[in-house]
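Note sheet for the following structure.
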Amino acid sequence: ADTTGRLEIRAELVLPDETLPTQANVTVGEQTYDVRGAAGPFTVPVKEYPVTAEPIKGAEVTLNAPAVTVVKQQTARVDVQVKPSVNLNFVADRPEVCVGDVVTFTARATTEFERQTLPANLRVKLPEGFTAAGETTVTARVDAANPGVLTFEAKAEAAGSGTFTATLAP
């Protein structure tokens with residue numbers, strides 16, 4: 001009697017605007033699979049298997065379920081999602097500003113993700129009374145070795161305080 005089913009494993013890189021195949025090491029029961037986009041189908045004994053995925057630096061790795069049940073003559077699927085994280089840091093070179101002062105702003109997008117570059121759209125919004133000399137937005141590809149950096153100067157034209165905000169899109 002056939003007491004086997006099939007197992008298929010998929011690994012996806014989840015980016016803001018697309019999902020791509022990626023590599024992940026996934027352990028199903030006692031067996032570890034080097035999944036490059038997709039692996040399988042493998043013929044395995046019918047039963048429930050615990051599923052784990054190796055962590056990936058700079059990304060959140062999630063599974064569609066902590067276990068997979070292989071049913072006779074059917075294909076069970078394990079989906080792994082790798083979602084890289086990008087951090088945003090924003091600084092001004094002077095905390096106190098008077099009318100006429102020129103302030104240098106630096107926004108920096110960084111990640112520990114090493115596998116490929118990630119899209120990063122940096123955008124800085126200045127409060128009223130500041131005029132920017134230079135671009136206040138930049139689109140970059142960032143990875144662990146190459147942060148995305150946006151630097152520009154802005155002149156204080158009026159007194160008062162406001163909030164400077166930097167955002168990372170999309």
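Remark: Asp101 does not engage Lys155 in a salt bridge, criterion side-chain N to carboxylate O under 4.0 Å. The pair Arg77-Asp79 meets the salt-bridge criterion, since a charged nitrogen lies less than 4.0 angstrom from a carboxylate oxygen.
Counting heavy atoms from C-beta on, the side chains of Leu7 and Val68 come closer than 4.5 Å. Taking the side chain as every heavy atom from C-beta outward, Thr137 and Leu122 never approach each other to under 4.5 Å. In this structure the side chain of Val124 reaches within 4.5 angstrom of the side chain of Phe152, judged on heavy atoms.
The backbone N or O of Glu153 lies less than 3.5 Å from no partner atom in the side chain of Thr104, so there is not a single donor-acceptor pair. Not one N or O on the side chain of Arg108 forms a donor-acceptor pair closer than 3.5 Å with the backbone of Val149. The closest donor-acceptor contact from the side chain of Arg36 to the backbone of Ala24 lies at 3.5 Å or more, if one exists at all.
One distance of note links CG of Leu150 with OG1 of Thr106; it measures 8.0 Å at 0.5 Å rounding. The line from CD1 of Ile9 to CD of Gln31 is 8.5 Å long, rounded to the nearest 0.5 Å.
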* To do: Go through the steps for Gln23 and Arg115 under the test side-chain hydrogen bond (donor to acceptor under 3.5 Å, both in side chains), then give the verdict.
  => CA-CA 9 Å; Gln23 189 280 333; Arg115 297 178 164 198; 2.8 Å; yes
* To do: List the steps and the verdict of side-chain contact (heavy atoms from CB on, under 4.5 Å) for Val80 and Val35.
  => CA-CA 9 Å; Val80 183; Val35 181; over 6 Å; no
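A donor and an acceptor atom, one from each side chain of Asp143 and Gln116, are nowhere located under 3.5 Å apart. When only modelled atom types and interatomic distance are considered, Thr32 and Thr27 share a side-chain donor-acceptor pair under 3.5 Å. Thr19 and Glu12 share no side-chain donor-acceptor pair at under 3.5 Å.
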Under 3.5 Å, which donor-acceptor pairs link side chains of residues 48-62 to any protein atom two or more places apart or in another chain?
{"residue": "Glu48", "atom": "OE1", "partner": "Thr69", "partner atom": "OG1", "Å": "3.3"}
{"residue": "Tyr49", "atom": "OH", "partner": "Pro45", "partner atom": "O", "Å": "2.6"}
{"residue": "Glu54", "atom": "OE1", "partner": "Asn25", "partner atom": "ND2", "Å": "3.1"}

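In the displayed structure, Glu18 atom CD is contacted under 6.0 Å by more than 12 heavy atoms of other residues, nucleotides or ligands.
Between Leu126 and Ala154, the shortest heavy-atom contact is CD1-CB, 4.0 Å. Listed here is the closest heavy atom pair of Ala166 and Leu88: O-CD2, 3.3 Å. Nearest heavy-atom pair across Thr111 and Ser85 is OG1-O, 2.7 Å. A pairwise comparison of heavy atoms in Pro21 and Gly37 identifies CB-CA, 3.7 Å as the closest pair. For the pair Pro84 and Leu15, the tightest heavy-atom approach, listed with the atom from each and the gap, is CG-CD2, 4.2 Å. Residues Pro147 and Ala145 come closest through the heavy atom pair CD-O, 3.6 Å.
For Phe113, there are no ring-ring contact (aromatic ring centres under 6.0 Å, His included) partners, not counting sequence neighbours.
Cluster annotation: Leu20 is connected to Val86 through the hydrophobic network of ILVMFWY side chains, with a link wherever side-chain heavy atoms come within less than 4.5 Å. Follow the hydrophobic side-chain contacts under 4.5 Å out from Phe42 and you never reach Val46; the two are in separate clusters. Both Val44 and Leu63 are members of a single hydrophobic cluster when ILVMFWY side chains are connected at heavy-atom separations under 4.5 Å.
Between Phe90 and Phe105, the angle of the ring planes stays under 30°, which puts this pair in the parallel group of the 30/60° scheme.
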